[in-house]
Amino acid sequence: DAMVIQNPRYQVTQFGKPVTLSCSQTLNHNVMYWYQQKSSQAPKLLFHYYDKDFNNEADTPDNFQSRRPNTSFCFLDIRSPGLGDAAMYLCATSSRIEKLFFGSGTQLSVL
Amino acid sequence: TQLLEQSPQFLSIQEGENLTVYCNSSSVFSSLQWYRQEPGEGPVLLVTVVTGGEVKKLKRLTFQFGDARKDSSLHITAAQPGDTGLYLCAGAGDSGGYNKLIFGAGTRLAVHP
């Protein structure tokens, strides 16, 4: 059974139209991460939550926001998607230093 | 800024061949992880190496962490088509009890029957 679930698997939005991606976990992990992965590039950390503490990477655009209403759920909000935001968005969780568990990702297309 | 460079970027081989991919950095990492990612899926952890010089084996895959904990290699013996995928290395910086990973850009491996 999937332990980190991302919905939807594929998301198409229009230029400038807000979009929300969701992630849920059944592992009860303290930490949840959002990574952006563009074709043939490394996953890039956008931000992460340690419990309720939000940690933004310095180079994450203001256009990206996140919410974690409880331990199980985390959301990625893109306020005004641009063409350059088309990518795979990966959610991951961890409770220990050694291992991250990734979801299957949401492939975002911006038209 | 910590960076991880992986080489080669692409590798296309025949079934049964051996191969090695490399992950290099000028930074020291507390641990280094290798993930395999298939198209349309998230990365799946293969192994974590923690100690300088450490060697770990996972069936036909052999992972080594450099003595100075700045680099790592993955060697696959007798590659199979099922080994096809994107291999990512990721270095961990200790952020106070949990992992914050820096990823390399990956090596895309294709194994042909």
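Numbered from 1 within each chain, the chains take letters A, B, ... in sequence-line order.
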Do [X] and [Y] belong together in a cluster built from hydrophobic side chains that touch within less than 4.5 Å?
X        : Y        : result
Phe63(B) : Tyr22(B) : no
Leu61(B) : Val21(B) : yes
Leu46(A) : Leu83(A) : yes
Ile76(B) : Leu58(B) : yes
Val44(B) : Tyr87(B) : no

Self-check item: Glu17(B) CD: over 12 foreign heavy atoms closer than 6.0 Å
Solution: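 Atom CD in Glu17(B) is packed in, count exceeds 12.
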Quiz item: Has Asp59(A) got more than 12 heavy atoms of other residues, nucleotides or ligands less than 6.0 Å from its CG?
Solution: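 It does: Asp59(A) CG has more than 12 such atoms within range.
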Quiz prompt | Minimum heavy-atom distance between Gly104(B) and Ala42(A), given as atom pair plus value | solution =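 Shortest heavy-atom separation between Gly104(B) and Ala42(A) comes out as O-CB, 3.0 Å.
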Exercise. Specify the closest pair of heavy atoms between Pro43(B) and Leu90(A), including all atoms of both residues, with the distance to one decimal.
Key: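 For Pro43(B) versus Leu90(A), the nearest heavy atoms are CD-CD1, 3.9 Å.
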Less than 4.5 Å apart, any side-chain heavy atom of [X] and any of [Y]?
X         : Y         : answer
Leu101(B) : Tyr35(A)  : yes
Lys99(A)  : Gln33(B)  : no
Leu45(B)  : Phe102(A) : no

Quiz item: Do you know which of Met88(A), His29(A), Gln37(A), Gln6(A) has the most heavy-atom pairs with chain B at a distance under 4.5 angstrom?
Solution: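 That would be Gln37(A).
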Self-check item: Between Lys44(A), Arg9(A), Gln107(A), the one whose heavy-atom pairs under 4.5 Å with chain B are most numerous
Solution: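 Of the options given, most contacts go to Arg9(A).
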Quiz prompt | Greatest number of heavy atom pairs closer than 4.5 Å to chain A - which of Gln37(B), Glu38(B), Gln9(B) | solution =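 Top option by heavy-atom pairs under 4.5 Å: Gln37(B).
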Exercise. To the nearest 0.5 angstrom, please state how far the CG atom of Leu100(A) sits from the OH atom of Tyr35(B).
Key: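 Answer rounded to 0.5 Å: 4.5 Å.
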